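Reminder, nothing fancy here: chain letters follow the sequence lines and each chain counts from 1. This one's a predicted model, so the numbers in the text were calculated from it and none came from an experiment. Only this structure's heavy atoms are used, side chains among them; waters, hydrogens and symmetry mates stay out.
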Amino acid sequence: MTATPARVRFAPSPTGRLHIGGGRTALYNYLLARQTGGQFILRFEDTDRARYQPETEKEIIDGLHWLGIDWDEGPDKGGPHAPYSQSERKEIYLAHAEKLIASGHAYRCFCTAARLAELRKRQQETKETPRYDGLCRTRTPDDVAARLAAGEPHVVRFKMPKTGSVTCVDRIRGEIVVENANLDDSILVKSDGWALYHLAAMVDDREMEITHVFRSSEWLPSFPLHVHIYNAFGWDQPEWVHLSVFLKPSGKGKMSKRETAEMVEDGQSIFLTDLEGLGYLPEAVNNWIALMGWSYDDRTEFFTMEDLIAKFSLDKLNPAPAAINFSKFDHFNGLHIRALDPDDLAGRLLPFFHRAGFEADLETLRKITPIIQERVKTLDDAPEIAGFFFKGSISTTLEELIPRKTTQAEAAAIAAGALEILERLPDLAHDTTDAPLRAMAEEMGFSAGQVFGVLRGAVTGQSVSPPLLETMEILGREVVLERVAGAASALSS
RNA sequence: GCCCCCAUCGUCUAGGGGACCAGGACGUAGCCCUUUCAAGGCUAAGACCGGGGUUCGAAUCCCCGUGGGGGCACCA
């Protein structure tokens, strides 16, 4: 797909943790930039100094890097339109606000916060739509000058036309026509001199030559305002792309702060920087979130980053909100785990064994990985399944040593018989142990399952394990014989 | 209350007038494979929100209703 290079940006505000919704917005931006050979820009919208949380800037950067998303311009690496943090661009916004005032598209408003609160309260009581009543809209230049000279605090408001309508074009939804009479005189610059999103983001997108504005559909209500602002400056509109929001798994509304916190306690999370620790692969996260609101065709669902870059298309974006589906997430994680080169997987597994308290080494893990690769859904499953490989000794209960439909005496006979066979074999490679053990089962009148069951319990201490013969091969002769002997004596007592 | 958006299986979705008694995926159930557990294969149940139009013909286009979602800050 060839297109003109897109200049896109991900512009989070460092006021909270980065979740999968933001991750998806960043991903789509990134995909379009890489697909078209354009640029992807990271910008921090940190004009709200009260809600600013510096540590979330690092979290955003770490989260995006983990996903494999990198940017061409940003606060941490500069670029032709630096600075890339809005807190450093205050004067630019102020200058633009002045332009708007001069051209009659904005005005200074001296109403106090108290009056505004009072106004809003009254409007709510009379069930009117809460909005500014326009008191300062018609002040004379002399009046304004006098108040300015007196140092009266004021904000700058957009002078919304009272009549007519505005047509907003969204890439996903098409034309949205809104009556100007329904729109408010929104504040553009606060009394402390900081620009609000409405002004700052528009100015930055323009200055940074952004071609496609990806943002959450939560912005749809102020979309008309933003179109008006662009028009007031005489600028051409960018492509506006309003992404549908993510709904909680039940599909009933957005995830609340409290619910996301509860989720973390339950060992699940929508925060990017939690997902790594929970054993998810960034490849799976990308695949999963890319498909929430976007599709390729009627059957392809497995995508690598390269696939996504090649196949992403604005035309296939879906306007409807999507409920988060964690079981599908697990499914994708499994697919990507199985698609990994085993040595690569072993390297990713290592920290999970260490964290679970096992003194695992990469060399042994590389031997184990092929037999557990298709058994783990998340990386943190692995120590549970294969931790016994790194235990000096295992403790088994009689229950674990006796398979179903088998008596203790039978299990004891199996253990003793198997021990005898294994001791005589030159090595415990899985293809040398296979035939003798099966032959023994037949001679003794047991099913292979019974024999393997006893040995599984003896060797792994678990009733569920990776394939037994391969497991014994990796464990080694000494350990296997010791454990089987231990089981034989336990069973015969 | 007002404004805006959306509407296909439980969930994510394909579908853009006839190719659809609606396809795929997750999940669920069953079977096969099998030393356990997985993985894999096969099968099953499961949806076009309702009502009007337009049309020879509508899941697809239009209108109304209903339902769901989002927003109404000197937050973003």
Side-chain angles (χ1 to χ4, degrees), chain A residues 11-13 15-16 45-48 50-51 109 111-113 116-117 120 123-124 126-131 153-157 168 170 172-173 176 178-179 182-184 186-192 194 196-198 200-201 215-224 242 244-245 247 249-254 288 291-302 316 318-332 334 338 371-377 381 385 403-404 434 437-438 441 447-457 460 462-469:
Chain A
S13 102
T15 55
E45 309 217 319
D46 54 351
T47 55
D48 186 348
R51 294 201 308 156
C109 169
C111 294
T112 63
L116 263 21
R120 187 157 37 238
Q123 287 167 332
Q124 276 164 350
T126 56
K127 304 214 168 180
E128 280 175 85
T129 304
R131 57 207 283 196
H154 67 280
V155 301
V156 177
R157 284 183 186 275
C168 309
D170 173 65
I172 307 179
R173 283 156 264 257
I176 299 168
V178 180
E179 294 298 319
N182 288 325
L183 270 17
D184 202 0
S186 299
I187 293 174
L188 265 21
V189 181
K190 296 192 277 184
S191 56
D192 63 6
W194 283 103
L196 250 20
Y197 175 92
H198 301 311
R215 33 144 62 164
S216 157
S217 66
E218 289 162 312
W219 287 108
L220 241 21
S222 46
F223 187 15
H242 291 90
S244 65
V245 294
L247 270 23
S250 65
K252 302 282 181 200
K254 288 200 305 179
W288 180 48
L291 252 22
M292 296 178 71
W294 174 80
S295 61
Y296 178 61
D297 60 18
D298 64 344
R299 49 197 68 251
T300 316
E301 287 212 324
F302 182 89
K316 305 286 278 181
N318 190 330
I324 297 169
N325 184 344
F326 285 105
S327 64
K328 190 124 186 183
F329 185 21
D330 284 341
H331 167 72
F332 278 125
R338 275 168 255 135
I371 61 171
I372 63 170
Q373 184 156 20
E374 61 193 29
R375 282 160 236 274
V376 293
K377 261 199 163 58
D381 288 343
I385 296 172
R404 291 192 316 155
D434 190 39
L437 287 174
R438 286 180 193 279
S447 71
Q450 286 174 297
V451 172
F452 287 118
V454 173
L455 287 176
R456 169 170 289 107
T460 70
Q462 304 171 357
S463 53
V464 171
S465 83
L468 180 67
L469 270 21

Report, as a single string ordered 5' to 3', how protein heavy atoms within less than 4.0 Å touch nucleotides 25-38 of chain B: B base, S sugar-phosphate only, - not at all. BSS-------BBBB
C1'-based separation of B:A7 from B:G51 [nearest Å]: 16 Å
For B:C31, the Watson-Crick or wobble partner whose two distances fall under 3.5 Å: B:G41
By salt bridge (charged side-chain N to carboxylate O under 4.0 Å, His left out), A:K377 pairs with (sequence neighbours left out) none
Listed by chain and number, what are the side-chain contact (heavy atoms from CB on, under 4.5 Å) partners of A:E301, not counting sequence neighbours? A:L291, A:K328, A:F332
Who passes salt bridge (charged side-chain N to carboxylate O under 4.0 Å, His left out) against A:R51, sequence neighbours left out? A:D48
Between B:G16 and B:C74 - C1' atom distance, rounded Å: 45 Å
Taking a pair to mean Watson-Crick or G-U wobble geometry with both distances below 3.5 Å, B:C26 pairs with B:G10
A:S222 meets the side-chain hydrogen bond (donor to acceptor under 3.5 Å, both in side chains) criterion, sequence neighbours left out, with none
Going 5' to 3' through nucleotides 66-76 of chain B, assign each nucleotide B (protein heavy atom under 4.0 Å from a base atom), S (under 4.0 Å only from sugar-phosphate atoms) or - (no protein heavy atom that close). ---SBSSSBBB
Taking only residues two or more places apart in sequence or in another chain, which ones pass ring-ring contact (aromatic ring centres under 6.0 Å, His included) with A:H331? none
Test of understanding: with side-chain contact (heavy atoms from CB on, under 4.5 Å), list the residues that count as partners of A:L469, not counting sequence neighbours. A:H430, A:T433, A:D434, A:L437, A:F452, A:M472
Name all residues meeting the side-chain hydrogen bond (donor to acceptor under 3.5 Å, both in side chains) criterion together with A:K190; count only those two or more places apart in sequence or in a different chain, and write none if there are none. none
Pairwise P distance for B:A58 and B:U66, with rounding to whole Å: 25 Å
